[in-house]
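Here is the naming used below: chain letters follow the sequence lines, and residue numbers restart at 1 for every chain.
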Amino acid sequence: MVFNIKNALLRRGTAEDGFSMNVSDLTLKKGEFLCLLGPSGCGKSTLLDMLGLVFRPVSAEVFELQIEDRMTIRQVHRLGTSELMKIRRCHFGYILQSGGLIQSMSVRENIMLSVRFSNRRLDRTRFCSLIDILDIGSLLDRKPRDLSGGQRQRVAIARSLVHSPSVVLADEPTAAVDYKLSMDVCGALRDASRELGSSVVMVTHNQEIASKFADRIWNVC
Amino acid sequence: MLLWGAKTGVVDALRNRLLKDPRIRELSLIEGRTISVQWFEKMRSNSQVGFIVPCVRQISLYGNASGVEKRNTKLEVAYLPTAQGDPLGEWNIDGYLASCLPVQCMITSSVAENLSIGEGSEIILEQTRTENGSVATASFKAVIRKVAPASVSNSNVVFLPLPVIERIENYKDGRKVGIFGWKQGGSSSLEQYDSVRIKPIDPARWEEFCKSIRDFTQRMKLVEPANQVGADSIGFLEFKPEIDGFGKDAVNLFLRELPFKELLVNLHVDQVKASLEQGQGREIKNVWLKSSDETWLRPDEVSELFSSAGKPNPDAGNYRFRVDGHDGLDSRLELMLPDAPNDSGTIVLGPLESGVLGIARRRPVEFLGSRNDLRPLRTEYLGLRLYAKNLEDVKPLRIRCAQDGVELSTQEDRIAQVLSLDRSLGKLFLFIAFAGLIGGFGALFTSLYLSIERSKRQFAVLQILGIPTIYVLAATIIQGLLLVICGALVSFVLYLCGSELLESALGNGLANGEVVCKLGFSQWLIALLSASACALFAAVISSMKLRIKDPAVVARCE
């Protein structure tokens, strides 16, 4: 079990103009591809932010995280900011809607960013395998602005997986691309995560994509 | 940087030229007047005085100069007195002539060019006077110790120690100047003695002696031997009160007419208070004058003020005396003595030395026994060279001198302008520097702030990825410092181009070593460090924007 969350209360924004939700029971198994499904505004991204340790719940009865086989952290939401940041950079991978690449860096530098700050050595075999799976070998020296939407997302997937994270969190990675490209991106994400044994939590509002790629679907609403 | 360079270059050069030019601190006599030596001594201890040296009559301050090799090429030069600490040219010099022989001098570059001579070479200085209707010339050699730069004076000037200039004036006044071997032109002055002491002879002949003396001259008074003199004398002749001195001619006449050839006649100079500067420091109470050879009867002139029959003994000891003088002026004597004073304070001298002591008792003199040079020490002068210590001292010093009756002219108006200009320029450049610093800081801050604002989403992404904030902050600071370094390099190149342009446009009127734009390594370092400090400060202030409360929202929304 990677995540085990019970009765977590999430609240974002002010009291008048805010949003709150309660997560009664949510788990994520090792190597599982979980899709958070729901319409816009139902709190998918907020839930993803909580799972990504970017946003703290107001309270949680259980908030456990197993980042390695023998290491379980309880009450994760009570950890300090720097500890959460350390977990994020060492054990988590992120894919944002438009990729979230650093524009001033090349594709190679963007991918290596995760390795450099996770205090891990680069596994060249895994790096090459990932590049092959995602078919981005010819893009390594380009800048993000020179890439198409699909290429940017594939690079983001590479960056999120290159340091062998326990969990990859993807926030609607197909939102900005067409149907065919969505299938390619999600397929690439699933293949790569399975290859590396990482769990995936993906936010989407597309029922078809969720059905096709997820091991389990969690309806937010 | 160009403005700063211009400030430290041409502006400071012009400012320093004005502020450091000693001529602007000079105070000149409005009209010739006599100034006492005591006044000069008083002014030397005044803290507002930078340099002061007396000067002789204006008419004595001209002569002709020539080089040793081209003696026919003569140049009319002006003499100016100088001394230790002369602001127009620093060189080691002693005011006492005996200490600075052979004569050393400083010349202006104009003299050096006209005579093709330089430092270390010799110059011949020649002066003239009228003797019995004809022109007489006297010259001496001086070693050139320093050539003053053209900024000191464009005229042909030879700076000489004051004692040398005084001797030049003595020569022009018709006196003999022993130190340079210049003969006396006019009638010789008479040396005065107090009395004649008569050594023991047969007491039975005393009456006969006195009778002959009375017949010889009525100007002398015979003093009974038992009352006034010791056992070694039979008589003592003193002047009558109404007679001023007992001159050489009278002595010679006396000796010629004296019928008692076996008498040993000594001139007696009494009550000289002198002390040895070297040796035991004993006080001299009595000086006995001894004449033991025939030269006594044929006195030779040895100086402008003293005549003697005797020559100093070259084998005798060389003693330096200080004779208590009048009005605080002591005589400085270098006498050749066979012996130091005995226990009773009595010393037996040759006629020359005792005569000198006799003179020294009446007036301050300087005597160099080794050169037979006797010279009256001056009690007053007719001019001066006076420089205030600082620009601010000029006005109070002028007022101070006016209180003593010495009216001086100054360049106070110009000084006021220079000081005002200096203050205004200081304020102007301070304002420019302040504005530049504020502007630079503002530009850097704005640049960094906008840069962070533009990259806010990327910073949010980095925060989501868990990149430590310190790295992001470091990146911002490095960005600021890189901007500064690039800016410094660009400004350095632009500065070089701009300064070259300014140099070609404005550099013609500057002296050697002066430049329009000048920035040293330290100034560049100050500029770089100031800009870096600004960049660091601006980066830290700007990085406040890096504290993104909800990075996920920022990364998602923008």
Side-chain angles (χ1 to χ4, degrees), chain A residues 10-13 18-19 40 44-56 81-105 110-119 144 156 159-160 162-163 165 168-172 175-176 203, chain B residues 443-487 489-490 535-536 538-558:
Chain A
L10 305 180
R11 185 176 295 142
R12 192 169 237 170
F19 166 84
S40 295
K44 302 186 296 292
S45 295
T46 302
L47 181 56
L48 187 78
D49 292 344
M50 184 192 75
L51 294 173
L53 309 185
V54 179
F55 182 74
R56 291 171 198 262
T81 304
S82 60
E83 288 167 306
L84 292 176
M85 285 183 92
K86 188 177 179 184
I87 294 172
R88 290 209 299 268
R89 67 173 172 267
C90 295
H91 303 287
F92 284 20
Y94 294 88
I95 304 166
L96 303 179
Q97 274 186 15
S98 56
L101 302 179
I102 305 301
Q103 298 297 316
S104 56
M105 295 178 177
N110 264 288
I111 295 171
M112 293 303 292
L113 196 62
S114 300
V115 180
R116 188 173 297 164
F117 286 98
S118 63
N119 293 331
R159 188 181 67 185
S160 68
V162 72
H163 58 303
V168 174
L169 300 120
D171 186 9
E172 299 204 45
V203 167
Chain B
L444 266 171
F445 177 74
T446 310
S447 163
L448 288 171
Y449 187 86
L450 290 177
S451 170
I452 288 173
E453 196 64 32
R454 278 196 301 272
S455 311
K456 200 171 178 181
R457 182 171 180 246
Q458 300 205 7
F459 287 129
V461 170
L462 290 172
Q463 207 165 323
I464 290 171
L465 294 177
I467 310 299
T469 313
I470 186 74
Y471 287 95
V472 184
L473 180 64
T476 315
I477 290 170
I478 288 168
Q479 184 186 357
L481 293 179
L482 281 175
L483 266 174
V484 166
I485 290 168
C486 291
L489 288 174
V490 171
L536 197 65
V540 171
I541 298 286
S542 308
S543 62
M544 298 295 181
K545 290 290 289 180
L546 290 175
R547 290 183 182 172
I548 302 166
K549 198 174 179 182
D550 199 342
V553 173
V554 174
R556 197 172 290 128
C557 291
E558 293 191 18

> Under the 3.5 angstrom rule, does the side chain of A/His163 hit a backbone N or O of A/Met112 as a donor-acceptor pair?
no
> Give the minimum heavy-atom separation between A/Ser114 and A/Val162, together with the two atoms involved.
CB-CG1, 3.9 Å
> Considering all heavy atoms of both residues, which atom of B/Ala555 and which atom of B/Ile464 are nearest to each other, and what is their separation?
CB-CD1, 3.7 Å
> For A/Thr46, run the side chain to side chain contact (heavy atoms under 4.5 Å, CB included) check against A/Leu51, A/Leu10, A/Val54 and tell me which one passes.
A/Leu10
> Given a strict heavy-atom distance threshold of 4.5 Å, which part of A/Phe55 is in contact with chain B: side chain, backbone, both, or neither?
side chain
> Given a strict heavy-atom distance threshold of 4.5 Å, which part of A/Ser160 is in contact with chain B: side chain, backbone, both, or neither?
neither
> Using non-hydrogen atoms and a 4.5 Å limit, figure out which bit of A/Gln103 sits close to chain B: side chain, backbone, both or neither.
both
> Measure distances from A/Leu96 to the heavy atoms of chain B and classify the residue's part below 4.5 Å as side chain, backbone, both or neither.
side chain
> Name the member of A/Arg159, A/Lys86, A/Arg116, A/Gln97 that forms the most heavy-atom pairs with chain B at distances under 4.5 Å.
A/Arg159
> Would A/Arg12 and A/Asp49 count as a salt bridge (charged side-chain N to carboxylate O under 4.0 Å, His left out) here? Give the steps.
CA-CA 11 Å; A/Arg12 192 169 237 170; A/Asp49 292 344; 2.8 Å; yes
